[in-house]
Amino acid sequence: MTEPNRVSRFPAPDHQPVAGGIAARARATTTGGARYLAGLNPEQRDAVETLDGPVLVLAGAGTGKTRVLTTRIAHILSQGRARPGEILSVTFTNKAAREMKTRLAEMLGQAVEGMPWLGTFHAIAGRILRSHAELVQLKSNFTVLDVDDQIRLLKQLLQAENIDDKRWPARMLAGLIDGWKNRGLSPSQVPSGEAAVFGNGKGGKLYTSYQERLKILNAADFGDLLLENIRLFRENPDVLRQYQTRFKFILVDEYQDTNVAQYLWLRLLSQAPSSLTPATSAAVPSPLVGEGGSVERSETEPGEGSVSADRDPSPASLRSAPSPTRGEGRDISAATTPPKNICCVGDDDQSIYGWRGAEVDNILRFEHDFPGAKVIRLERNYRSTGHILAAASHLITHNEGRLGKTLRTEDVEGEKVTVTGAWDSEEEARGIGEEIEELQRKGEHLNDIAILVRASYQMREFEDRFVTLGLPYRVIGGPRFYERAEIRDALAYLRVINSPADDLAFERIVNVPKRGLGDAAVQMLHDHARKRRIPLFEAARAVVETDELKPKARGSLRQLILQFERWRAQREVTPHTELAEIVLDESGYTEMWQKDRSADAAGRLDNLKELIRSMEEFENLHGFLEHISLVMDREGAADEEAVSLMTLHSAKGLEFDNVFLPGWEEGLFPSQRTLDEQGRAGLEEERRLAHVGLTRARRRAKLYFATNRRIHGTWTTTIPSRFLDELPADSVEITESKGGSGWGGAGGYGPSRFDNVESFGSSYATPGWQRAQARRPGARGPSEGGFKEEQSPFGGRDPFGGGGFGGNFGRNKRGPLTIEGELVAKSTGATSEFALDDRVFHQKFGYGRVVKIDGNKLTIAFDKAGEKKVVDSFVARA
DNA sequence: ACCTAGGAAGATCGT
DNA sequence: CTTCCTAGGT
């Protein structure tokens with residue numbers, strides 16, 4: 001977020017004594033008055049300067065939230081109120097954490113290595129957990145499992161329990177367990193009614209055994225990072241006190257997104273450190289569950305100013321309606337010890353993580369949880385022009401249960417928000433592609449353009465389109481680098497080296513590459529391991545000494561064990577990047593892909609190289625593994641000009657001059673699933689998501705909806721999102737799609753703007769449509785590429801772009817047609833003049849090699865740009 | 001033990 | 001249209 005009123009950077013004076021760390025530098029920059037405070041508006045300044053006691057900053061979109069946070073840190077440091085290591089500053093995403101670090105660096109004139117406790121909830125909780133791992137039955141090198149590992153593990157448990165994983169999918173159980181963990185519930189605290197809903201009452205038992213398994217595997221999942229941290233603090237008051245003492249100031253970003261576990265964690269840390277009386281500390285590990293089976297927070301506070309209240313065994317209702325009497329009884333500020341300086345920043349209108357357990361309630365109840373809190377509202381928006389802000393504000397007023405803020409701007413009205421209808425998702429992509437090119441012609445930078453989608457599968461269509469256009473784009477948070485098979489394999493090797501008990505990793509690679517250790521062999525290792533309660537690796541070590549395995553299998557298993565032992569030894573003396581190379585090499589993993597003749601093998605090898613390159617930034621193997629398990633994102637070259645493509649969720653906190661918002665259709669946005677599962681609350685969350693989307697835009701917001709969209713591979717007719725109707729008419733303009741003809745010449749939109757969409761459905765009775773229906777099952781033409789020319793009703797030109805992927809269906813029912821650009825017309829048809837392995841050149845992507853041919857669409861492995869799909873007419877033989 | 005074909009089932013959002 | 005899983009063949 002870069003508000004126009006942002007402070008200019010002020011580098012540290014050259015001649016300052018460097019003796020101090022950041023604090024010294026920060027102080028040095030404030031000669032006389034605090035210069036960093038200039039340019040803040042009164043509310044922002046208040047939020048920065050109110051250092052003592054709890055503060056809640058309600059910061060609407062674009063009101064300078066991040067700026068307040070970073071300036072506040074600078075202020076704390078420059079006032080000498082705390083050293084960098086005494087400030088705990090938590091965010092939700094790594095992106096946000098990075099952003100804060102960068103901004104702080106700008107402000108203080110240096111890199112901020114000295115802020116060790118600035119990071120995501122999970123990273124920081126994980127870090128604390130690691131330094132006291134033994135206290136929660138883990139070792140400090142424990143593995144953080146990702147969702148895939150989690151599910152595989154649960155599958156094993158389901159099998160062991162003889163539960164049909166068709167009826168009771170592991171995915172579902174994973175969801176339940178996650179939910180419990182988000183609410184801070186350990187297995188014994190899960191309300192029995194809830195635990196029973198899975199697997200004929202075995203849910204609770206499975207949760208228990210899952211946790212046991214995790215301990216044996218020396219592993220923790222995401223939820224554990226917080227949950228186990230909480231347990232650590234509860235069971236070890238001395239450890240807790242250590243952190244309470246350390247953190248003089250706590251700052252929390254996006255407070256509206258905290259879940260119960262995070263809330264509890266913050267709550268524990270924000271107690272003033274104290275001479276906890278033995279009695280109080282004894283009361284700490286109280287259960288979280290009240291009789292009603294609901295989460296009970298009040299019992300968990302060992303705050304000392306309120307000893308009597310805390311001991312009160314009745315499940316007090318901190319939860320629902322704030323009860324003033326209880327609240328005052330627990331009033332921390334009444335204690336002799338001053339309350340902790342905690343500052344939470346958030347916006348209830350941007351709470352979009354309810355599905356992940358976030359409790360908007362946390363922010364709504366802040367004043368109650370932290371009595372005496374000062375609440376500051378930031379309502380001046382420095383980002384968007386008038387119409388955009390009006391649209392966003394008006395939309396969000398349809399929600400109930402808000403704290404209520406009114407964003408205002410002093411900016412010009414600017415352009416109206418546009419709403420454009422497209423026939424189908426392909427046309428939508430085409431229309432947006434054209435608009436982008438037009439913006440580009442007007443001199444807009446691609447970096448200032450973003451497309452924000454509701455679900456990631458919407459991205460593909462845009463990618464295809466942009467590749468065809470040769471328009472550079474960047475997917476943010478897209479197909480995850482670390483989720484690729486080859487990367488996960490490589491990581492599995494490293495994990496086994498790092499943590500020998502990591503069975504999941506061991507199992508993953510024990511027969512990759514093929515070593516003749518198939519299901520039978522693995523099964524027997526499992527039996528062995530289970531019987532003796534030892535990790536698979538240990539079991540393997542024992543088994544090779546016996547003759548239970550066939551000689552061949554036994555030999556290769558022994559070989560593998562020896563290799564791992566050697567690698568572990570080498571770890572001490574070899575740099576970790578080098579070690580990784582050695583491992584991939586000696587294990588035969590690299591070779592496996594080298595021998596592979598399939599198209600993507602080369603790309604995979606590149607990815608492996610990329611992986612090793614990315615390891616360089618880390619001090620050691622352990623640090624690297626820690627990073628990837630939490631970060632999971634790849635920091636690409638961000639300097640190049642490119643359109644950004646991402647989900648609405650990952651767009652939170654970002655801003656762009658031009659924002660495209662496709663897919664505003666019922667069912668997709670708001671998402672049907674959310675509506676089904678969460679009802680009205682879900683709808684409100686979707687609406688907040690829409691609000692977030694609109695408020696990302698500085699100058700242009702362009703909404704799109706398509707009348708037809710492919711869901712699960714079949715075309716479905718959709719109706720425009722209700723959110724479109726909730727926009728203020730004065731700030732919105734309806735435009736024609738530039739990507740095609742609009743819909744069958746159905747001229748303007750009626751007064752109610754979208755009503756005629758439904759009537760449009762009547763065209764489905766037309767003969768053309770029925771023909772299309774009839775043809776659908778086997779709609780493929782005689783030759784692979786799709787329709788032969790004479791079959792096409794469009795005289796051989798394909799107005800739908802792209803030689804026949806996607807929309808065979810649909811092309812028959814279109815009304816009058818506008819043939820779009822030469823781009824499409826150039827597509828020659830079914831056969832390509834290129835052959836596999838041809839060396840080619842592309843205007844945008846440079847040199848490359850053809851790895852796959854599909855009609856006139858080629859998949860090319862470019863030397864620089866990686867693997868892309870392009871239409872053959874855009875490349876030439878090199 | 002490994003490979004392949006074929007069928008069935010399934011899909012937000014992300015630390 | 002995908003991915004995942006199973007069954008059957010080698």
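Keep in mind that the numbers below use all heavy atoms, side chains included, and drop hydrogens, waters and symmetry copies. Just so it is clear: chains get the letters A, B, ... in the order the sequence lines come, proteins before strands, and each one is counted from 1.
Between B/dA11 and A/R171, a contact under 4.0 Å exists linking OP1 or OP2 to a side-chain N or O. Contact annotation: A/S456 reaches the phosphate of B/dC13 (side-chain N/O to OP1 or OP2, under 4.0 Å). For the OP1/OP2 pair of B/dG14 and a distance below 4.0 Å, the side-chain nitrogens and oxygens of A/T647 include at least one atom meeting the criterion.
In this structure, A/H712 forms an aromatic stack with the base of B/dG10, since both conditions hold: centre separation below 5.5 Å and plane angle below 30°. Judged by centroid separation below 5.5 Å and plane tilt below 30°, A/Y353 does not stack onto the base of B/dC13.
Using a 4.0 Å heavy-atom criterion, one finds that A/K155 contacts the sugar-phosphate atoms exclusively. Using a 4.0 Å heavy-atom cutoff across all strands shown, A/A520 reaches sugar-phosphate atoms only and no base atom. Among the protein residues, A/K514 comes within range of the sugar-phosphate backbone only, with heavy atoms under 4.0 Å from sugar or phosphate atoms but none that close to a base. Contact annotation for A/D519: no contact, since no heavy-atom pair falls under 4.0 Å across all strands. A/T674 comes within 4.0 angstrom of a base, heavy atoms only. Contact annotation for A/F121: no contact, since no heavy-atom pair falls under 4.0 Å across all strands. Across all strands shown, A/T120 has heavy atoms under 4.0 Å from sugar-phosphate atoms exclusively, and none from any base.
Under the 30°/60° scheme for interplanar angles, the aromatic rings of A/F723 and A/W664 are found to stand perpendicular. The aromatic rings of A/F462 and A/F466 sit tilted, their planes meeting at an angle between 30° and 60°.
One interatomic measurement links the two molecules: CG of A/L668 to P of B/dT12, which rounds to 12 Å at whole-angstrom precision. One atom, CZ of A/R709, and another, P of C/dC1, lie 17 Å apart when rounded to the nearest Å. Rounded to whole Å, the distance from CD1 on A/I711 to C1' on B/dA11 is 11 Å. A/D221 has its CG atom 19 Å from the P atom of B/dG14, to the nearest Å. A straight line from CZ of A/R460 to P of C/dT2 spans 6 Å, rounded to a whole angstrom. Rounding to whole angstrom units, CZ of residue A/R687 and P of B/dC13 are separated by 21 Å. In this entry the distance linking CZ of A/R167 with P of B/dA9 reads 15 Å, nearest Å. A/D165 places its CG atom 14 Å from the C1' atom of B/dG10, with the value rounded to the nearest Å.
For A/Y457, the side-chain atoms get nearest to B/dA11 when compared with the rest of B/dA11, B/dC13, C/dC1. Counting only heavy atoms from C-beta on, A/H122 has its side chain closest to B/dT15 among B/dG14, B/dT15, B/dT12. Nearest to the side chain of A/A521, among B/dT15, B/dA1, B/dC13, sits B/dA1.
Taking the six-membered ring where the residue is Trp, the centroids of A/H649 and A/Y353 are separated by under 6.0 Å.
Around CZ of A/R171, the count of heavy atoms belonging to other residues, nucleotides or ligands within 6.0 Å does not exceed 12.
For the C1' atoms, the distance linking C/dC5 with B/dT12 amounts to 24 Å, nearest Å.
Checked by atom type and distance alone, the side chain of A/D253 never pairs as donor or acceptor with a backbone atom of A/A96 at under 3.5 Å.
Looking only at atom types and distance, the side chain of A/Q150 has no donor-acceptor partner in the side chain of A/K155 under 3.5 Å away.
For A/N511 and A/K166, each mapped to the nucleotide of DNA chain B holding its nearest heavy atom, the one lying further toward the 5' end belongs to A/N511.
Below the 3.5 angstrom threshold, one finds no donor paired with an acceptor across the side chain of A/T93 and the base of B/dT15. Applying the 3.5 Å distance criterion, the base of B/dC13 shares no donor-acceptor pair with the side chain of A/R356.
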